[in-house]
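Inspection log for the structure reproduced underneath, given as structure tokens.
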Amino acid sequence: GQNIDQPTEMTATEGAIVQINCTYQTSGFNGLFWYQQHAGEAPTFLSYNVLDGLEEKGRFSSFLSRSKGYSYLLLKELQMKDSASYLCAVRDRTGGFKTIFGAGTRLFVKA
Amino acid sequence: DTAVSQTPKYLVTQMGNDKSIKCEQNLGHDTMYWYKQDSKKFLKIMFSYNNKELIINETVPNRFSPKSPDKAHLNLHINSLELGDSAVYFCASSQDDTGYPGNEQFFGPGTRLTVL
């Protein structure tokens, strides 16, 4: 089966750096996504990793270690508008490609 | 131009009623999805269609019936609504249903369904 774990909530200060961790177990790993979801809005795509290592995209970076079943999303120079839920999602190719979402980490950015 | 649109945005109805939610995407994608996000914010896949064909059906009660008249549209009909159906329903689309690098999903704005 599949299992995705990420912290429920985190709080960080404007201008700081925050790391949101995600661990997963899946039998047919085919890539890991991070999505951002502001309250009352739709999830929007942030990043994708399929090979080990770091992918950088502006203030956001995402890291993957397939052997450890581990990923993190790094947010630098935090802004108030970064307050949102961050969803870790794993694509599994078992029986057809399916994306499984974690419960999300609610990030609160304070002044 | 909205990429993935859903109607209605809000739906309040009584238990036992039948209701439909419509979804359209103008991205030229082949694959469309329905997700349910409950009060605990878990986003759970319900159905997936690729080029109008059902490819994923995740142990969803028979009261839920998706219909895809063409690859740009995926509607969701719910019969005999129950209190537990109250949630936000998101439609999404992706280029196709393969595992090519990326192939991320684009989500609609969601339909907040409240069953009284």
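A note on names: the letters A, B, ... follow the listed sequences, proteins ahead of strands, and every chain is numbered from 1. Please read these numbers as outputs of a predicted model, since none were measured by experiment. Every heavy atom of this structure was used, including side-chain atoms; hydrogens, water molecules and symmetry mates were not.
More than 12 heavy atoms of other residues, nucleotides or ligands shown are found within 6.0 angstrom of NZ on A/K57. Summarising the local packing, CD of A/E77 is surrounded by 12 or fewer heavy atoms from other residues, nucleotides or ligands at distances under 6.0 Å. The number of heavy-atom neighbours closer than 6.0 Å to CG of B/D70, taken from other residues, nucleotides and ligands shown, is above 12. Within 6.0 Å of the NZ atom in B/K22, the count of heavy atoms belonging to other residues, nucleotides or ligands does not exceed 12.
Residues of residues 41-53 of chain A lying under 4.5 angstrom from chain B, judged on non-hydrogen atoms, are A/E41, A/A42, A/P43, A/F45, A/Y48 by number.
With a 4.5 angstrom heavy-atom cutoff, B/Y35 touches chain A only via side-chain atoms. If you measure heavy-atom distances from A/R93 to chain B, you find no contacts under 4.5 Å at all. Only the side chain of B/E58 comes within contact range of chain A, judged by heavy atoms closer than 4.5 Å. Proximity to chain B is absent for every atom of A/S85, based on heavy atoms less than 4.5 angstrom apart.
Of all the listed residues (B/I55, B/V4, B/T31, B/N103), the one sharing the greatest number of non-hydrogen pairs under 4.5 Å with chain A is B/N103.
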Run the numbers on B/I45 and A/T99 for side chain to side chain contact (heavy atoms under 4.5 Å, CB included), then give the verdict.
CA-CA 8 Å; B/I45 181 76; A/T99 303; over 6 Å; no
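In this structure, A/W34 and B/E104 have side chains that are not in contact, with every pair of non-hydrogen atoms separated by 4.5 Å or more. Residues B/F107 and A/Q37 have side chains not in contact (no heavy-atom distance under 4.5 Å, counting atoms from C-beta outward).
In the hydrophobic cluster analysis, where Ile, Leu, Val, Met, Phe, Trp and Tyr join through side-chain heavy atoms closer than 4.5 angstrom, A/I17 is grouped apart from A/F60. Under a hydrophobic clustering in which Ile, Leu, Val, Met, Phe, Trp and Tyr are joined whenever their side-chain heavy atoms come within less than 4.5 Å, directly or via other members, B/L11 and B/L83 fall into the same cluster.
Between the NZ atom in B/K41 and the CZ atom in A/F101 there is a gap of 14.5 Å [rounded to 0.5 Å].
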